[in-house]
Amino acid sequence: MIRITDHLAGNDGRKQVERWVPRWMAFPPSAYTARGGVATVTAHAKVMAARNQAAQPDPDDMEVPFAEAA
């Protein structure tokens with residue numbers, strides 16, 4: 001019987017793999033296919049989109065250079 005632990009531990013002449021985690025559990029997470037459906041990938045994309053939106057300045061709060069005071 002072949003087990004994942006045999007591959008991770010390097011049993012029976014296999015190459016030992018250290019610190020392996022599935023792609024969907026890594027940081028940043030990724031999927032194995034392009035079809036989607038991986039909740040951690042979707043959640044990470046939402047966080048990054050919100051972070052990018054928050055990092056952009058609000059155009060109404062920006063000072064206009066050389067503007068005359070009203």
**Prompt:** If you round to the nearest 0.5 Å, how far is OG1 of T33 from CZ of R23?
**Reply:**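 Rounded to the nearest 0.5 Å, the CZ-OG1 separation comes out at 9.5 Å.
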**Message:** Tell me whether the count of non-hydrogen atoms from other residues, nucleotides or ligands lying under 6.0 Å of CD in Q16 goes above 12.
**Reply:**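 Counting neighbours around CD of Q16, more than 12 heavy atoms of other residues, nucleotides or ligands fall under 6.0 Å, so yes.
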**Message:** I'd like to know whether H7 forms a side chain to side chain contact (heavy atoms under 4.5 Å, CB included) with V17, so could you lay out the CA-CA distance, the side-chain angles of the two residues, the decisive distance to 0.1 Å, and finally the verdict.
**Reply:** CA-CA 7 Å; H7 290 275; V17 180; 5.5 Å; no
**Prompt:** Would V38 end up clustered with Y32 when hydrophobic side chains under 4.5 Å apart are linked, directly or stepwise?
**Reply:**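 Cluster IDs for V38 and Y32 match.
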**Prompt:** Are W24 and L8 linked, directly or through other ILVMFWY residues, by side chains that come within less than 4.5 angstrom of each other?
**Reply:**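 Both belong to a single hydrophobic cluster.
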**Prompt:** Which pair of non-hydrogen atoms, one from R14 and one from D6, has the smallest distance, and what is that distance?
**Reply:**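 For R14 and D6, the tightest heavy-atom pair comes out as NH1-CB, 3.6 Å.
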**Shortest non-hydrogen separation from A31 to V41 and the atoms involved** =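 For A31 versus V41, the nearest heavy atoms are N-CG2, 3.8 Å.
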**Message:** Measuring only between side-chain heavy atoms, which start at C-beta, is W20 closer than 4.5 Å to P22?
**Reply:**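 In contact.
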